[in-house]
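Note that the structure is a prediction, hence the values are computed from the model and not measured. Quick note: residue numbers are just sequence positions, from 1.
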Amino acid sequence: MRVRGRTKLALRAVLALAVCALTASAGTATGASAAASSLVPKVGTGGPTTGAFTPWDGSAGNEFAGGGDEESADAYAGNIVDRSLAAGGAAVGVATTTGKKAKSNPLFNFGFEGLNHYQQRYSRGGNQFSVEPPDQGMCAGNGYVVEVVNDVFNVYSQSNGASLLPDNTATNIVAGFPRNVNHAVDLNSFFGYAPAINRTTGVRGKFVTDPSCIYDAATQRFFLVALTLDPQVSGPCQGVFSCVNHLDLAVSQTSDPTGSWNIYQTDVTNDGTNTGGVNPGPYLGDYPHIGADANGIYLTTNAYPWHGNGFSGAQIYAYSKAQLAAGAANVTMKHIDTSGKVNAPSDAGSTQPGFTVWPAQSPGTGSFNLTNGGTEYFLSSNAADEATHTVAGTGGDYVGHNIVVWSLTNTSSLNAAPALGLSTELVGVNTYALPPKQHQPGSGSAPGTEVPQGHCLNDETTATIAGTGCWKLLVSPTAHANRPEVVASPDSNDTRMQQVTFANGKLWGALDTALNPDGGAQRAGIAWYIVNPSAGKLVLQGYLGSTGHDFTYPAIGVLANGRGIMAFTDTGDSTYPSAAYASIDANAGIGEWNDVPGGTGAAVDDGFSGYKQQNAPNPIRSRWGDYGAAAVDGNSIWIASEYIAAACDYTTWGGPFFAGGSGDNLLGTCAGGTFKADGTGTPNTPGSRTALANWSTRISKFTP
């Protein structure tokens with residue numbers, strides 16, 4: 001995420017902001033070379049306890065993790081995290097029929113709102129950045145549901161969805177008052193780091209992103225991974241990103257995720273094919289994900305060069321699960337580079353790398369493949385530029401006709417001297433293609449007052465505490481020159497594989513694709529696959545799309561008996577971003593779909609990444625999702641997706657920042673309050689959003 005903008009977020013004086021240019025430098029490389037094994041040390045312990053902080057007083061300051069609020073130089077002309085080389089318009093998708101819509105929800109148990117942007121921004125006394133998308137991580141086991149997103153963590157009861165972490169409201173002081181974030185703990189605290197930003201001094205801490213987690217029933221442990229970017233430690237750009245980045249792997253010490261976790265750290269700065277020449281390092285270990293078999297925990301990343309475009313292959317890190325679960329001081333790890341250039345096969349010859357090689361997770365304790373010394377499976381796709389034009393970084397047609405099954409064998413050797421075998425199988429499938437952007441009500445039109453941030457950025461007449469024109473509360477005159485704004489068309493991902501499950505002897509996966517439902521306009525939809533990995537054969541495949549709708553960011557959870565649920569986001573011409581689901585099994589394929597009860601969107605996506613003035617001078621990329629989550633616990637499947645949980649009118653959003661208004665002393669929270677422009681009053685309810693974003697997450701339980 002990389003955006004800029006000047007914001008008056010609280011009834012305080014506006015601070016002057018220093019601007020510096022980023023001069024990225026390569027950090028010391030300690031990551032393993034291709035196909036090498038090493039010992040990864042336990043670097044400490046962490047857990048869901050808020051670390052020390054100085055409460056933010058509400059003064060204006062940098063809202064975004066990428067640099068200063070004014071123009072500055074990036075390490076490369078792209079996003080800091082969650083990169084994608086796909087550019088331009090969508091590819092042409094295939095024709096399909098509209099999926100049937102469920103008339104009832106017989107499999108639904110209950111659901112609740114999970115983490116949201118208000119909790120993200122105002123945890124740890126407000127010493128957090130504004131971040132989107134949430135990057136949906138969720139796992140379940142032993143009576144707990146663990147949720148982790150950019151950049152907060154919570155643990156809920158499986159019986160009623162209530163947070164099981166200590167109430168931290170009284171000590172979470174923001175702009176002079178306690179703030180209720182539903183007990184959420186920031187990820188910097190979780191990993192034992194200083195705050196993401198000390199808003200009193202301006203000093204930046206580590207930037208934690210791309211979190212995900214699994215519960216392993218065999219060891220009765222929760223495993224959580226995130227990518228952490230180190231800041232510069234000295235010089236005029238202190239706090240802006242260096243090139244050093246690492247995977248932080250946290251392992252619960254018991255089956256109770258509210259307690260302590262052991263932290264293991266793997267440097268991924270120089271993990272990639274080259275250290276010079278084409279697409280040279282250092283690298284960003286982007287988009288990490290986690291899987292497990294009987295013997296190992298598997299993390300995968302996409303290696304992008306910090307100092308240029310192009311791609312240097314997906315990386316696989318295989319760890320001894322038993323050693324991690326036991327809290328060993330050093331854990332055996334094998335690193336494999338899938339670039340196809342160094343000691344590793346690829347799906348289409350010696351020059352094509354793996355891209356988003358997603359590791360499988362399995363339900364329960366009896367679904368693992370124990371043959372060949374233990375086998376872990378992965379799935380990937382190959383329509384993206386990362387898999388076809390790795391040197392130039394662009395030029396493909398974004399259309400695929402194959403998916404790739406990766407088999408990692410002899411995983412039992414991870415407990416001693418790793419001797420792994422990696423092979424691939426190309427599986428022919430129906431056409432999939434880069435999807436178009438999502439539609440939501442009003443996409444492309446001027447934001448009305450029901451879209452408060454977008455409307456504010458265009459507003460030249462409302463009297464505010466900063467002068468006439470609401471835009472003055474959010475951006476500088478230079479940024480405002482990029483008006484007018486329109487209602488965003490949220491991102492639909494590229495064609496990378498999404499969450500993978502190995503259950504009932506089969507691999508289950510899905511990805512985003514362009515579809516042409518019922519002969520109408522091109523829309524974003526889902527292509528799903530069930531594969532027999534032992535035979536390298538497709539069992540079933542299909543599409544899910546619907547006229548007037550866009551379906552994005554699928555995640556499939558499957559019971560050991562082969563019955564499953566697929567989570568995804570549903571948006572449309574008349575549908576606000578909603579959390580949706582469909583049943584799936586190996587006999588009937590995909591079933592009827594619907595929005596989950598309680599998960600129907602209440603408003604349009606009104607996030608800062610979708611507005612020109614908040615991103616100038618860079619083009620906008622209206623961020624959404626990046627991935628969903630599904631988790632199996634016993635006979636239940638839990639799913640989680642991003643959606644818009646609450647609406648807010650313009651007057652409430654502006655509150656006391658509008659002349660004559662009253663409400664919260666934090667701009668745009670839409671919380672109750674009695675504050676007036678003179679700063680007197682008190683807040684009385686938690687907010688449903690912030691000035692800059694309104695995303696939330698929805699967690700639901702099903703019993704197939």
Side-chain angles (χ1 to χ4, degrees), residues 1-2 31-32 34 75-76 78-87 133 135 209-212 225-229 243 245-247 266-274 278-291 298-318 335-342 344 346-348 351-359 378-394 396 398 400 403-404 406 424 434 491 493-500 509 511-512 553 621 623 625-627:
M1 179 277 296
R2 182 66 173 93
Y76 53 77
N79 296 308
I80 291 294
V81 291
D82 298 330
R83 296 193 74 192
S84 175
L85 300 184
D135 289 357
T209 188
D210 284 13
S212 57
V225 66
L227 173 66
T228 298
L229 281 62
C243 292
N245 60 117
H246 40 90
L247 298 181
T266 303
D267 192 303
V268 297
T269 309
N270 271 15
D271 283 353
T273 304
N274 305 297
V278 176
N279 298 336
Y283 303 100
L284 175 71
D286 193 38
Y287 209 66
H289 286 288
I290 186 170
Y298 306 92
L299 308 181
T300 61
T301 66
N302 289 324
Y304 290 95
W306 273 101
H307 297 305
N309 213 347
F311 181 61
S312 290
Q315 311 297 309
I316 298 174
Y317 303 89
H335 167 221
I336 301 172
D337 173 18
T338 75
S339 67
K341 299 175 184 177
V342 182
S346 73
D347 50 288
T351 60
Q352 181 173 329
F355 170 56
T356 311
V357 179
W358 199 302
F378 309 75
L379 284 178
S380 68
S381 60
N382 62 4
D385 279 340
E386 284 87 342
T388 61
H389 289 70
T390 63
V391 176
T394 187
Y398 312 122
I403 59 174
V404 191
W406 303 72
T424 60
L434 181 70
D491 193 32
N493 205 1
D494 49 24
T495 55
R496 70 186 69 193
M497 187 63 64
Q498 297 293 278
Q499 182 174 317
V500 176
L511 51 77
D512 295 274
Y553 299 99
R621 180 186 172 196
R623 301 303 302 277
D626 273 358
Y627 44 90

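T269 places none of its side-chain heavy atoms less than 4.5 Å from the side chain of Y283. Using a 4.5 Å heavy-atom cutoff, the side chains of P288 and L299 are not in contact. For the pair L284 and L229, the minimum side-chain heavy-atom distance is below 4.5 Å. At least one side-chain heavy atom of R496 sits under 4.5 Å from a side-chain heavy atom of Y287. The closest side-chain heavy-atom distance from N493 to Y627 is not below 4.5 Å. Taking the side chain as every heavy atom from C-beta outward, D135 and T209 approach each other to under 4.5 Å. For the pair D491 and R621, the minimum side-chain heavy-atom distance is below 4.5 Å.
Between F355 and F311, a ring centre-to-centre spacing shorter than 6.0 Å is recorded.
Here the straight-line distance linking atom CG of D210 with atom CG of D626 works out to 7.0 Å at 0.5 Å rounding. With rounding to the nearest 0.5 Å, the separation of OG in S339 from CG in D271 is 11.5 Å. If you take OG1 on T356 and CG on L379, they are separated by 12.0 Å, rounding to the nearest 0.5 Å.
Between P280 and P305 the shortest heavy-atom distance is O-CB, 3.4 Å. Across every non-hydrogen atom of M497 and S381, the tightest pair is N-OG, 3.7 Å. Closest approach of G291 to P359, counting heavy atoms only: N-CG, 3.5 Å.
For the residue pair T300 and W358, no side-chain donor N or O sits within less than 3.5 Å of a side-chain acceptor on the partner. Side chains of D385 and Y398: a donor on one and an acceptor on the other come within 3.5 Å. For the 3.5 Å distance criterion, the side chains of E386 and Y304 qualify, holding a donor opposite an acceptor. When only modelled atom types and interatomic distance are considered, Q315 and D337 share a side-chain donor-acceptor pair under 3.5 Å.
Applying the side-chain hydrogen bond (donor to acceptor under 3.5 Å, both in side chains) rule to T301 yields no partners; only residues at least two apart in sequence or on another chain are considered. Partners of A383 by side-chain contact (heavy atoms from CB on, under 4.5 Å), not counting sequence neighbours, listed by chain and number: Y432, T495. Contacts of N245 classified as side-chain hydrogen bond (donor to acceptor under 3.5 Å, both in side chains), with partners at least two apart in sequence or in another chain: none.
Using modelled atom types, one side-chain atom of D512 and one backbone atom of Y553 make a donor-acceptor pair closer than 3.5 Å. Here the side chain of T338 pairs a donor or acceptor atom with the backbone of A314 at under 3.5 angstrom. Side-chain atoms of W406 never come within 3.5 Å of backbone atoms of T424 as a donor-acceptor pair (strictly under, hydrogens ignored).
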Exercise for the section: Please step through side-chain contact (heavy atoms from CB on, under 4.5 Å) for the pair I290 and S212, ending with a clear verdict. Expected result: CA-CA 7 Å; I290 186 170; S212 57; 3.8 Å; yes
